[in-house]
Chemist: 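Before I ask anything, here is the structure I am working with.
What you see below is based on every heavy atom in this structure, not just the backbone, and it leaves out hydrogens, waters and symmetry mates. Numbered from 1 within each chain, the chains take letters A, B, ... in sequence-line order.
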Protein chains: 2
Amino acid sequence: MLDATLAALADPTRRAILSRLAQGDARVTDVAKPFTISLNSVSKHVRMLERAKLVRRRIEGREHILSLNPQPLDEAGDWIAAQRKLWAWRLGELEKVLTDG
Amino acid sequence: MLDATLAALADPTRRAILSRLAQGDARVTDVAKPFTISLNSVSKHVRMLERAKLVRRRIEGREHILSLNPQPLDEAGDWIAAQRKLWAWRLGELEKVLTDG
DNA sequence: AACATATTCACCTCTAAGGATGAATATTGG
DNA sequence: CCAATATTCATCCTTAGAGGTGAATATGTT
């Protein structure tokens, strides 16, 4: 699942959509407002965020209300945190070898 | 810079390459060994990792030695951590409203 | 000089993503 | 019923990525 999550996060438009939703649930139109691109393009971005399960949609009449789902972000964060630790350890060992022995 | 970093991390082959390099510097050929795809394709993945500055290359004779650069990973990790906090806060507030208010 | 090794370059194919526009669908409000 | 609103569907264009193969380049070895 990391694939879809990280790919979804790689696009600045989608990150902006997520930031918007972090302030509260919103309709597709609301979310699209700040962008210069077409509503249709925003709709596609939203669909990708849904595919990555970062965003959920509930339909109320003709309005689609979007909300965040933190789970995939947690997973991605955990993976990166684990790598950070590994890398830091590895670079620390290297340092030891260079200075101490 | 987040764009390139997250896009680079979105591919499983590239994440595997990074994991390999976390165990120690290695040549392009070494890094390519576990994969069934061609050396050429791996070389291209390495180039993308370099573009994202996650990997550095030093040339020793005919060998290109690859090593990790943790900085972009730190930035990506920080962004995700910040979002996680924001989202958690937002969902916490929502919870309050639902139960208490 | 000749050969092997390490890596990239130049192309080609296929698929997916990002953008646009115009039409279709569903719902709400007079 | 009819018009406006909210959203997606269908289609098109362009660009980038992931994969492949074969040739080119550079270095090391005998």
Side-chain angles (χ1 to χ4, degrees), chain A residues 1-21 23-69 72 76, chain B residues 1-21 23-69 72 76:
Chain A
M1 294 281 91
L2 266 186
D3 292 39
T5 305
L6 291 167
L9 293 176
D11 184 276
T13 299
R14 284 192 289 266
R15 288 199 303 277
I17 292 174
L18 293 176
S19 290
R20 169 64 182 79
L21 292 178
Q23 298 167 221
D25 296 359
R27 299 174 307 160
V28 175
T29 306
D30 300 328
V31 150
K33 202 143 290 169
F35 298 104
T36 58
I37 63 176
S38 73
L39 172 66
N40 216 324
S41 292
V42 173
S43 174
K44 282 194 212 170
H45 281 299
V46 168
R47 203 189 321 147
M48 294 197 65
L49 288 168
E50 278 187 282
R51 206 177 55 182
K53 299 200 199 309
L54 284 160
V55 160
R56 291 212 212 94
R57 175 195 311 245
R58 67 175 184 279
I59 300 179
E60 294 182 358
R62 62 183 164 181
E63 304 183 336
H64 295 209
I65 313 283
L66 307 173
S67 60
L68 294 176
N69 175 33
Chain B
M1 294 280 87
L2 267 187
D3 291 39
T5 304
L6 291 167
L9 293 176
D11 185 274
T13 300
R14 283 192 289 267
R15 287 200 303 277
I17 292 174
L18 293 176
S19 290
R20 169 64 182 80
L21 292 178
Q23 297 167 222
D25 296 359
R27 300 173 308 159
V28 175
T29 306
D30 299 328
V31 150
K33 201 143 293 171
F35 298 103
T36 58
I37 63 176
S38 73
L39 172 66
N40 214 324
S41 292
V42 174
S43 173
K44 285 190 208 171
H45 281 299
V46 169
R47 204 190 318 147
M48 294 199 65
L49 289 168
E50 280 187 281
R51 206 178 55 181
K53 300 199 199 311
L54 284 159
V55 161
R56 292 213 210 95
R57 175 196 309 248
R58 69 175 183 279
I59 300 179
E60 294 180 0
R62 61 182 165 180
E63 303 181 337
H64 295 207
I65 313 283
L66 307 173
S67 60
L68 294 175
N69 176 32

Chemist: Hey, does the side chain of A/R27 come within less than 4.0 Å of D/dT5's phosphate (OP1/OP2), counting only N and O?
Modeler: no
Chemist: Measure from the side-chain heavy atoms of B/S38 and tell me the nearest of D/dG20, C/dA17, C/dG19.
Modeler: D/dG20
Chemist: Would you mind classifying the nucleic acid contact of A/I59 as base, sugar-phosphate or nothing, using non-hydrogen atoms under 4.0 angstrom?
Modeler: nothing
Chemist: Quick check for you: among D/dG17, C/dG18, D/dG20, whose closest atom lies nearest to any side-chain atom of B/S41?
Modeler: D/dG20
Chemist: Taking atom types as they are modelled, is there a donor-acceptor pair under 3.5 Å from the base of C/dG18 to the side chain of A/N40?
Modeler: no
Chemist: Can you tell me which nucleotide in C/dA17, C/dA20, C/dG18 comes closest to the side chain of A/R51?
Modeler: C/dA17
Chemist: How long is the straight-line distance from OG1 of A/T5 back to CZ of A/R51, given to the nearest 0.5 Å?
Modeler: 11.0 Å
Chemist: Out of B/D30, B/I17, B/V28, B/L49, which residue meets the side-chain contact (heavy atoms from CB on, under 4.5 Å) rule with B/L66?
Modeler: B/V28
Chemist: Select from B/S43 and A/A7 the residue whose nearest nucleotide in DNA chain C is closer to the 5' end of that strand.
Modeler: B/S43
Chemist: Should the side chain of B/K44 and the base of D/dG17 be counted as holding a donor-acceptor pair, with the cut-off at 3.5 Å?
Modeler: no
Chemist: Just N and O in the side chain of A/H45: are any of them under 4.0 Å from OP1 or OP2 of C/dA17?
Modeler: no
Chemist: Would you tabulate the pairs of protein nitrogen or oxygen atoms and nucleotide nitrogen or oxygen atoms of nucleotides 24-27 of chain C closer than 3.5 angstrom?
Modeler:
unit_1, atom_1, unit_2, atom_2, d
C/dT27, O2, A/R62, NH1, 3.4

